[in-house]
Amino acid sequence: MIPPCAVLLDFARRKNKKETLDAAPLWRQCGAMISDSKTASIRTLDRINLRLPGETFDAIDAARGERPGMVSRNTWITEAIQEKLARARAENGLGEGQRRNG
């Protein structure tokens, strides 16, 4: 069976450059829904994009400015996430490193 990606890639090659760029989002997603495609995995340390409103960045920067020393925005956000996860574990009665089964 010919994977749908092969058809899209062949189509993209036969079109002019402008149409190929327009088709790019289609072939970039190629294989995303095929059952034998790779499953997503999070590496030990992975990079993500985070979209936040400007007001949120301003509030984060203000909170960073209140702390002694230099704290990067990334470090501040990472600490905030860790604090939120710890609170959620405490609210659910789970200790550090424990998970609820089910």
Just distance, no hydrogens or angles: give the donor-acceptor pairs under 3.5 Å from side chains in residues 79-86, sequence neighbours left out.
residue	atom	partner	partner atom	Å
Glu79	OE1	Arg67	NH1	2.4
Glu79	OE1	Arg67	NH2	3.4

Partners of Asn74 by side-chain contact (heavy atoms from CB on, under 4.5 Å), sequence neighbours excluded?
Ser72, Thr78
Could you pull out all residues at least two apart from Pro53 that satisfy side-chain contact (heavy atoms from CB on, under 4.5 Å)?
Glu55, Thr56
Closest non-hydrogen atoms of Val71 and Trp76, given as atom of the first, atom of the second and distance, are CG1-N, 4.0 Å
Co-members of Ile48 in a cluster of I, L, V, M, F, W and Y side chains, linked at under 4.5 Å:
none
